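Note that the structure is predicted; figures quoted are calculated from it, not measured. Labels below follow one simple rule: chain letters A, B, ... track the order of the sequence lines, proteins then strands, and each chain is numbered from 1.
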2 protein chains.
Amino acid sequence: MSKKEQIIKESIQLFSDYGYEATSMTKIAEQVDIKKPSLYAHFKNKDAIFYSAVKQVTGEYVDFVLTTIDQTKGQTSKDTLYNVLHHAYTNEYQTEFLGEFFYRFVLFTPNEVEAQIKPLIKRSEEKLESALIKIVEEGQANREIDATLSSRIVLRNYLFIFNNLDVDVRYYSLRGSELEQYLNDIWSVFWRGVKN
Amino acid sequence: MSKKEQIIKESIQLFSDYGYEATSMTKIAEQVDIKKPSLYAHFKNKDAIFYSAVKQVTGEYVDFVLTTIDQTKGQTSKDTLYNVLHHAYTNEYQTEFLGEFFYRFVLFTPNEVEAQIKPLIKRSEEKLESALIKIVEEGQANREIDATLSSRIVLRNYLFIFNNLDVDVRYYSLRGSELEQYLNDIWSVFWRGVKN
DNA sequence: GTCTATAGAAAGATAGAC
DNA sequence: GTCTATCTTTCTATAGAC
């Protein structure tokens, strides 16, 4: 791994744990085991490091979810939707590393860099939504999902769970069987609400 | 309003807008129209201001929701649950002022003050949950809500919406008829999922 | 690319006069 | 209670040697 890649990797962890302002250039340099001024040989300033971190996390996040969708396809829409949700929330890498960072800065972007990173986040959302709406519409064509509900409403409810379950997982520190229980409680009511 | 109350009021706004670290004592002093050192005549340090701000917001938030529950009682459980949700999200004061602050620091508490403020938040949650579980159980006794679902699952799903709708409202900047539409889309699937 | 040294600004907090 | 002046620390960032 190049020094530049190391800097991005360690800064993602620090930004996740402490937030934007409370992560100093000194701390990042310590984690990478170089001195602070050396960072400026790789990045113009702190904002540039943050931008690269966001870019990497949003990219990996989208890749992770799209890959999951691909791998669970070919089942019923119900199974696909459930498995995508389940896999996303039982994968260590996603929940521990990507999720923490992603949600921290999706919800509360530092004002200095908001204009730069909003488009990155927006684009990643659009990619996921267009993949998921297809599955919903297939489910309606199959008569698994109630076709009197618009696909937009079903998708909105699914995304509401997909995005916000993360908030609860973090807040209640849900893991293992507790997480499994929580996920099933939310999923079961959602499915009763949309099934045919 | 005393100077102390003014300081708390203005600091809530600043912490909401900029976060904990990016809100400086100088900025707070400017908003209150005094000089920075004068703040220390009212509060020991910055953490103490933040603690008072959290205490006030959590208190007002709980009062707001409990009052809303009281005012909408005496209807069917369905109407009460819907109206509490609706009222909470169409009230300017709640969404613009309390909500922004509350969720910012519920989700991402500054590490310096985490130990102090977690109990405040925990207590406010418990109060709301114990008021809402009663309404769910009444609804099951009335046969409005499916009694084969445990009241815990129904409450969990309701709170999932109640707490996390705020995240989406802020993220998508939902207002007016858009907010109304969003709320109804989420509510309608929830209610289909729990009704008898 | 990495370092030492340092500039320059801003942060939280205190001393002490009024 | 409020102020001016100041301390101390820490921050981002740069200059310039190697």
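The number of heavy-atom neighbours closer than 6.0 Å to CG of B/D70, taken from other residues, nucleotides and ligands shown, is above 12.
Taking every side-chain heavy atom of B/A41 into account, D/dG1 is the closest of D/dC11, D/dA13, D/dG1. Proximity note for B/I34 (side chain, C-beta onward) versus D/dA13, D/dC3, C/dC3: the nearest is D/dC3.
At the heavy-atom level, A/S24 lies under 4.0 Å from the strands shown only through sugar-phosphate atoms. Using a 4.0 Å heavy-atom distance criterion, B/T23 is classed as a sugar-phosphate-only contact.
Between the side chain of B/K36 and the base of C/dG12 there is at least one donor-acceptor pair of N/O atoms closer than 3.5 Å.
With sequence neighbours excluded, the residues satisfying side-chain contact (heavy atoms from CB on, under 4.5 Å) with A/V106 are A/F102, A/I121, B/Y171.
The distance from atom OH of B/Y40 to atom P of D/dC3 is 14 Å, rounded to the nearest whole Å. Separating the CD atom of A/Q6 from the P atom of C/dT2 is a distance of 9 Å, rounded to the nearest angstrom. As a whole-Å value, the separation of B/M25 CE from D/dT9 C1' is 16 Å. The separation between B/I49 atom CD1 and C/dA11 atom C1' is 14 Å, rounded to whole Å. In this entry the distance linking CG of B/L39 with P of C/dT14 reads 13 Å, nearest Å. Residue B/H42 contributes atom NE2, which lies 4 Å from atom P of D/dT2 at whole-angstrom precision. The nearest whole Å value for the distance from the NZ atom in B/K27 to the P atom in C/dA13 is 16 Å. Atom P of nucleotide D/dT10 and atom NZ of A/K46 are separated by 15 Å, given to the nearest angstrom.
Note on A/K35: every side-chain N or O is 4.0 Å or more away from OP1 and OP2 of C/dC3.
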Inset, instruction - Decide side-chain hydrogen bond (donor to acceptor under 3.5 Å, both in side chains) for A/Y51 and A/N45; before the verdict, give the C-alpha distance in whole Å, the side-chain angles of both, and the deciding distance to 0.1 Å. - result: CA-CA 10 Å; A/Y51 179 83; A/N45 54 27; over 6 Å; no
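Paired with B/N164 under the rule side chain to side chain donor-acceptor pair (under 3.5 Å), one option of A/D166, A/N163, A/D168, A/N164 passes, and it is A/D168.
Taking 4.0 Å as the cut-off between side-chain N and carboxylate O, A/K9 and A/E5 do not count as a salt-bridged pair.
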